[in-house]
Amino acid sequence: MKALDIETKSLVQEHPEYALQPWRLLKNESEITLIAMGDGDLAEFIPWKELNGMPKETFVTWNAIFDVSYLHAQGVDVARHTWVDAMLLCKWHDNCQHNEQLGYSLAACAQRWIPQWQYLPQFIKLKAAEADPSHDKYWQVRAKLDVMATYLIAQVALGKLTPKQRKSAMIEAKNIVPNAKAYVRGIPTNPSHYELPIPGLSRQMAEIECRLGVSNTGNHIGGKGWEPSKILRSPKQLAETIYNKWGLHCNQRTPKGEPSTDKAALTYLADKDDKVLEILAWRELNTRLTKFCQSPVKASKYLSDSVLHPEPKIFSTYTGRYTYASKIKSKFPIAMALHQIPRGPDVRRMVEAPEGKLLVEFDASGQEARLLAEIGDVHSMLDVFRSGKKIHAVMGASIAGIPYDEFMRRYKAGEEAYAGPSGTYYCGKFVNLSMQYRVGAAKQRVMARVQYGLRKDQTTIERWRALYHHTYPEVKSYWQRAINLARERGYAETLAGRRYYLDKWGKDDRWGTESSAINFPIQGSGGDMKNLAISMLNSKYPELEFAWDLHDGVFVWAEKSKFGMELVLEARDALDNLDYESAWGWKPRIKMPWDAAVGVRWGDMKELR
DNA sequence: TGCTAACGCGCC
DNA sequence: AAAGGGCGCGTTAGCA
């Protein structure tokens with residue numbers, strides 16, 4: 001194992017931040033200035049070409065996606081080597097509730113992990129000094145110390161992980177390369193899908209503001225210089241307007257005790273006053289306009305390109321899910337909020353495959369329910385999955401009070417009461433999805449109304465809750481078992497051995513801590529599964545280029561050809577047969593199936609059978 | 001001006 | 001008494 005660190009610089013004077021953007025290298029807007037390689041004692045500088053000629057090596061770096069994506073952009077065959085991220089190893093070890101104060105800069109981690117290191121004082125001083133990019137000497141010393149620190153921290157961190165954690169961390173590490181390549185490749189978009197809607201959205205918002213009498217002064221419908229209403233945008237001003245000026249009764253509060261104007265509060269107020277319905281409509285338009293139209297416009301302007309570059313973060317959640325950043329240094333817009341794009345086709349279709357390619361989505365079907373059944377040892381639910389019945393239909397039939405077969409007959413016939421938008425199938429789905437993690441009855445009623453459009457009274461909700469627990473009696477005992485186990489051990493654990501240390505058992509935090517104990521093994525195992533899936537796809541099907549992750553969904557680019565589609569089907573089968581046993585020592589009792597869908601545009605995908 | 005907290009909301 | 005969890009982004013409000 002060797003450690004590696006690169007330094008980069010912008011080639012555009014007015015944009016020093018380009019140094020942090022690997023894809024700028026492809027346009028000669030930034031460059032790698034040096035590459036340092038070594039171990040805990042010694043580091044040397046190497047030209048990038050040497051990485052392609054040398055024998056296969058394991059490199060440990062700090063925040064690996066940055067280095068690997070830059071090297072990939074430079075032309076290094078990064079897949080030739082194995083990459084490990086010392087920062088991720090530290091996080092595998094540190095993953096706990098009270099780590100708010102823990103920083104993950106190399107300097108901070110060096111102080112925590114290698115306090116005895118002989119160069120530590122010099123290193124800290126150097127890191128704290130104002131960086132002057134013109135002093136090559138500064139960067140050379142810094143890069144060498146970075147290499148040594150990274151190497152030493154990795155050794156210590158690896159030693160502190162359990163064998164199972166080391167193995168899982170290495171599986172996760174395999175995904176550094178596909179993520180780095182995806183970061184450089186970027187996500188191709190069709191700007192017309194976020195540019196053209198802007199005038200229409202603005203006009204609709206302006207009309208609502210006009211009817212409600214909350215326009216900004218000087219605003220005209222469709223006029224130039226129109227800005228969204230400050231009253232509607234501000235929770236404080238909106239509360240003042242609807243509760244004081246309009247005299248509506250406030251019965252929901254924010255966590256800090258202020259009158260709430262969130263969607264749940266407004267939904268119930270809308271029953272009494274149509275104006276509130278307009279506010280809800282305005283809110284939706286506002287989100288659509290700012291987050292999903294204006295932001296991608298800003299990013300494509302900043303990038304001078306419709307290929308956007310959301311920055312992947314492999315371990316920025318404590319459950320092992322990935323996240324993406326759409327700004328660099330909280331400032332420079334490089335993408336849209338990839339993980340928040342609304343579900344329907346309207347916004348999603350902005351992502352469009354390049355010529356000759358197709359977008360493929362692999363989706364772990366019913367992932368969390370299956371993991372709950374397995375991890376929670378919920379035999380009743382395992383039986384449902386084994387029987388091949390549709391799990392939401394099983395709950396729907398219970399709610400309807402008829403046998404499963406009859407329910408399916410009526411559901412397939414499209415009878416409104418069973419298959420309609422507030423039919424019992426949809427109710428069953430709602431119950432299954434909301435009941436897994438201890439949602440309270442009152443909140444559940446609001447969820448039914450606000451998220452699912454189901455208008456139900458508290459008695460009905462209580463009846464559904466009882467029905468769920470009657471159908472799956474072991475779920476409650478899983479909750480208790482998960483809590484007891486976490487308390488006893490001090491941590492909750494996933495199937496791959498990822499741990500989340502829990503210590504906030506005091507009165508105020510207890511509920512949340514318990515919920516984490518219940519949720520972490522399931523959501524975290526979902527994260528493990530995704531990591532296993534991506535690493536398998538990348539090694540067995542390198543022609544399928546990893547694009548992005550959406551928790552239980554893996555997106556790849558495939559060649560638009562017969563060969564490409566055959567590969568997708570093959571890969572789907574391989575996902576159905578992921579080798580959990582050799583990865584985690586776990587043998588699922590039920591299938592963990594994946595769906596595959598293909599299309600030119602996201603949001604316009606066809607399921608492959 | 002730049003920062004953080006609070007709020008609201010999109011996804012899973 | 002009641003209480004899902006995990007994220008990131010856009011906005012206002014308030015402070016230094």
Side-chain angles (χ1 to χ4, degrees), chain A residues 95 97 227-240 252-266 279-280 282-284 286-296 298-299 310-313 315-327 330-331 333-344 347-348 363-364 366-369 372 433-444 446-447 450-451 465 475 479 482 492 500 502 507-524 526-527 530 548-554:
Chain A
N95 205 22
Q97 267 184 319
E227 288 285 331
S229 160
K230 294 221 184 284
I231 294 178
L232 294 182
R233 288 228 265 220
S234 157
K236 206 180 168 82
Q237 292 184 44
L238 181 58
E240 169 66 23
Q252 295 197 49
R253 299 266 158 186
T254 68
K256 297 283 165 193
E258 298 300 321
S260 171
T261 60
D262 70 8
K263 194 171 180 178
L266 296 187
I279 298 175
L280 284 166
W282 185 94
R283 278 254 178 88
E284 246 180 80
N286 184 51
T287 303
R288 177 84 196 279
L289 176 71
T290 56
K291 203 183 250 186
F292 301 114
C293 290
Q294 290 174 342
S295 289
K298 282 179 195 159
E311 185 194 6
K313 311 258 187 186
F315 201 150
S316 103
T317 74
Y318 67 65
T319 56
R321 283 179 166 188
Y322 294 174
T323 65
Y324 288 86
S326 47
K327 285 187 173 173
S330 331
K331 194 166 153 193
I334 50 171
M336 68 301 208
L338 184 61
H339 272 180
Q340 298 163 37
I341 296 190
R343 273 211 265 169
V347 179
R348 290 199 167 180
D363 189 276
Q367 186 191 61
E368 292 212 348
L372 169 66
L433 295 181
S434 62
M435 283 301 291
Q436 280 179 32
Y437 309 113
R438 289 208 311 182
V439 188
K443 169 147 186 169
Q444 200 178 10
V446 175
M447 281 172 73
V450 174
Q451 292 174 25
R465 292 168 70 83
V475 169
W479 292 350
Y500 181 46
L502 298 158
K507 205 162 126 299
D508 290 351
D509 302 311
R510 188 172 156 186
W511 178 267
T513 301
E514 288 181 357
S515 295
S516 291
I518 292 166
N519 188 46
F520 177 82
I522 294 168
Q523 195 182 110
K530 174 263 306 296
W548 74 90
D549 137 276
L550 196 45
H551 308 320
D552 61 352
V554 176

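Numbers restart at 1 for each chain; the letters A, B, ... are given by sequence-line order, proteins then strands.
Side chains of A:Tyr437 and A:Ile522 form a contact here, defined as non-hydrogen atoms less than 4.5 Å apart. Looking only at side-chain heavy atoms (C-beta outward), A:Asn286 and A:Arg233 come within less than 4.5 Å of each other.
Formation of a donor-acceptor pair under 3.5 Å by the A:Trp479 side chain with backbone atoms of A:Ala517 is not found in this model. Distance alone, capped at 3.5 Å, places no donor-acceptor pair between the A:Tyr324 side chain and the A:Met336 backbone. Remark: side-chain polar atoms of A:His339 are not paired, donor with acceptor, to backbone N or O of A:Ala325 under 3.5 angstrom. Judged purely by atom type and a 3.5 angstrom limit, A:Thr513 uses its side chain to pair as donor or acceptor with the backbone of A:Asp509.
In this entry the distance linking NZ of A:Lys507 with C1' of C:dA1 reads 11 Å, nearest Å. As rounded to whole Å, 12 Å separates atom C1' of C:dT11 from atom CD of A:Glu227. Following rounding to the nearest Å, A:Asp262 (CG) and C:dT12 (C1') show an atom-to-atom distance of 16 Å. Between the CD atom of A:Glu368 and the C1' atom of C:dC7 there is a distance of 13 Å, given to the nearest Å. Atom P of nucleotide C:dG8 and atom CE of A:Met336 are separated by 16 Å, given to the nearest angstrom. The NZ atom of A:Lys236 sits 17 Å away from the P atom of B:dA5 (whole-angstrom rounding). Between the P atom of C:dC7 and the OH atom of A:Tyr322 lies a distance of 16 Å, rounded to the nearest Å. If you measure from atom NZ of A:Lys530 to atom P of C:dC7, you get 13 Å, rounded to the nearest angstrom.
Counting non-hydrogen atoms under 4.0 angstrom, A:Gln237 reaches the backbone sugars and phosphates but no base. Looking at heavy-atom distances under 4.0 Å, A:Ile341 makes contact with sugar-phosphate atoms alone, never a base. Counting non-hydrogen atoms under 4.0 angstrom, A:Ser295 reaches the backbone sugars and phosphates but no base. Residue-level contact check: A:Phe520 touches neither bases nor backbone, having no heavy atom under 4.0 Å from any strand. A:Arg283 comes within 4.0 angstrom of the backbone, heavy atoms only, and of no base. The residue A:Lys291 sits close to a base: some heavy atom pair falls under 4.0 Å. Nucleic acid contact class of A:Arg288 (heavy atoms, under 4.0 Å, all strands): none.
You'll find that the side chain of A:Val439 is closest to C:dG4, out of C:dT12, C:dG4, B:dG8. The side chain of A:Arg343 approaches B:dC12 more closely than any other nucleotide in the set C:dG8, B:dC12, B:dC7. Side-chain proximity of A:Thr290 to C:dG10, C:dC7, B:dC7: nearest is C:dG10. Checking C:dG8, C:dG5, B:dC11 against every side-chain atom of A:Ser516, the shortest atom distance belongs to C:dG5. Residue A:Arg233 places its side chain closer to C:dT11 than to any other of C:dT11, B:dC9, C:dA3. For A:Lys327, the side-chain atoms get nearest to C:dG10 when compared with the rest of C:dG10, C:dC9, B:dC7. In this structure, of B:dC12, B:dC7, C:dA3, it is B:dC7 that holds the atom nearest to the side chain of A:Pro255. Among the nucleotides C:dT12, B:dG10, B:dC12, the one closest to any side-chain atom of A:Ser234 is C:dT12. Which of C:dG8, B:dC12, C:dC7 sits closest to the side chain of A:Gln340 comes down to C:dG8.
Here A:Thr261 reaches the OP1 or OP2 of B:dG8: one of its side-chain N or O atoms lies under 4.0 Å away. Proximity of A:Lys443 to the phosphate of C:dG4: a side-chain N or O atom is located under 4.0 Å from OP1 or OP2.
Salt bridge A:Arg288/A:Glu284: absent, no basic N to carboxylate O contact under 4.0 Å.
For A:Arg321 and B:dC12, a side-chain-to-base donor-acceptor distance below 3.5 Å is present, hydrogens and geometry of angles not being considered.
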